[in-house]
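Here the structure comes first, spelled out in structure tokens, and everything after it is commentary.
Below, each value reflects all heavy atoms present in this structure, side chains not excepted, and no hydrogens, waters or symmetry copies.
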Amino acid sequence: MKDLITGLFVCCFLSLNALVAQDFKETATTNEWAVRSGYMEYNNSTVIPSGLPGFSTSINYYFQKRLSEVYPYNFEFQTKLIYGYLMKPEDNNGLNKPYHHAEISVGALWSYSIPVSKLNIDVGGGLLFNALAGYNPSFKFNDNYFAQLQPYGNWLLMPSTTLGLQYQFNKIKLKSKFIFPLCVGGFYQDYQNYPYLENNIPSYISTPNTLAFCNKYTAIFAEMDCYIPLSLSSKRKTDLKIGFYIDNTNGSINYIVEKKRNIGIIVGVQIK
């Protein structure tokens, strides 16, 4: 009986793969460049306890390759360079702190595609690396250089799960992608210890001190895009990308509360 059930499961799995593979007969490679621009809010209970709003901009690159000519296994590499300028819009008698906020995000994701009529579902996971830092060049606190800058920062590795939806409407493609970190590990600023360790800053930052699950660090990275065909080259398919994104994180690690929201529009080009 157990062998019969196993045999039926294998047959169903192979039949499903054969059905799915009908739409994935060729190995495809996609390159995509995009610029994001929008609104950012950031709160760090040690350095920016009341939170600061501002604008953000970033440059994104995506590379995607289908790993099999028969089955729809996909690999995606993505990187983002983000800059934010955070400052309260009103004057607070010299206490207004303009912060320069910078981030780098790099990720490798693997997924499996399941087409359902005109809808394509991508399910998978991977690993993200995210590092952020910020400082205030004008706030004067005391003679300590690092205290004057009032910096903050962390770097984290994030094993993540991903879900993608894609719908083809004539020649226009609608696509959405959601990434959820399951846990984080790396360096996370300690409450009121940094930036006052002036002589140990490099070793302090480079030493991992954190392992936390999604109950301590909850994040979602979401993007909804529309791809419109362009005729820039007769040899390669080129699409204009217009979309909307939202990145939202809420962390409570090492006695520091960190909240961040980055939301805006994205414009780019995709080449196959």
* Asked: Is any side-chain heavy atom of Lys177 closer than 4.5 Å to a side-chain heavy atom of Thr162?
  -> yes

* Ile256 vs Asn154 side-chain heavy atoms within contact, under 4.5 Å -> no

* Given side chains that start at C-beta, do those of Ile246 and Ile263 come closer than 4.5 Å, heavy atoms only? -> yes

* Asked: If we only count heavy atoms from C-beta on, is the Ile172 to Cys226 side-chain gap below 4.5 Å?
  -> yes

* Asked: Do the side chain of Gln168 and the main chain of Asn170 share a donor and acceptor less than 3.5 angstrom apart?
  -> yes

* To do: Determine the sole option in Lys260, Arg36, Arg261 for which the side chain to side chain donor-acceptor pair (under 3.5 Å) test with Asp247 is passed.
  => Arg36

* **For Ile266, the rest of its hydrophobic cluster, which grows through side-chain links under 4.5 angstrom** => Tyr245

* Does the side chain of Glu258 come within less than 4.5 Å of Tyr152's, by heavy atoms? -> no

* Any side-chain heavy atom of Asn136 within less than 4.5 Å of one from Pro98? -> yes

* To do: Classify the ring geometry between His101 and Tyr42 as parallel (under 30°), tilted (30 to 60°) or perpendicular (over 60°).
  => tilted

* Asked: Is the distance between the ring centroids of His100 and Tyr85 under 6.0 Å?
  -> yes

* To do: Determine, using the 4.5 Å side-chain heavy-atom cutoff (strictly less than), whether Tyr39 and Leu86 are members of one ILVMFWY cluster.
  => no

* **Flag, side chain of Asn254 to backbone of Tyr188, donor-acceptor distance under 3.5 Å** => yes

* Between Thr207 and Asn209, is a side-chain hydrogen bond (donor to acceptor under 3.5 Å, both in side chains) present by the stated rule, with each step listed? -> CA-CA 6 Å; Thr207 304; Asn209 65 355; over 6 Å; no

* Asked: Have Gln270 and Lys173 got a donor and an acceptor in their side chains that come within less than 3.5 Å?
  -> yes

* Does the Trp33 side chain pair with the main chain of Ile271, one donor and one acceptor, at a distance under 3.5 Å? -> no

Just list the side-chain donor-acceptor pairs under 3.5 Å for residues 217-224, sequence neighbours left out, or say none.
from	atom 1	to	atom 2	distance (Å)
Thr218	OG1	Cys214	O	2.6
Glu223	OE1	Tyr62	OH	3.0
Glu223	OE2	Lys241	NZ	2.7

* To do: Please tell me if the side chains of Phe178 and Thr161 come closer than 4.5 Å, counting only heavy atoms from C-beta onward.
  => no

* Asked: For the hydrophobic clusters of this structure (ILVMFWY residues joined by side-chain heavy atoms under 4.5 Å, transitively), does one cluster hold both Leu119 and Ile114?
  -> yes

Could you list the donor-acceptor pairs under 3.5 angstrom formed between side-chain atoms of residues 121-130 and any protein atom two or more places apart in sequence or on another chain?
from	atom 1	to	atom 2	distance (Å)
Asp122	OD1	Ser113	OG	2.4
Asp122	OD1	Asn120	ND2	3.2
Asn130	ND2	Glu103	OE1	3.4

* Asked: With side chains defined as the heavy atoms from C-beta onward, is the minimum distance between Pro229 and Asp239 less than 4.5 Å?
  -> yes

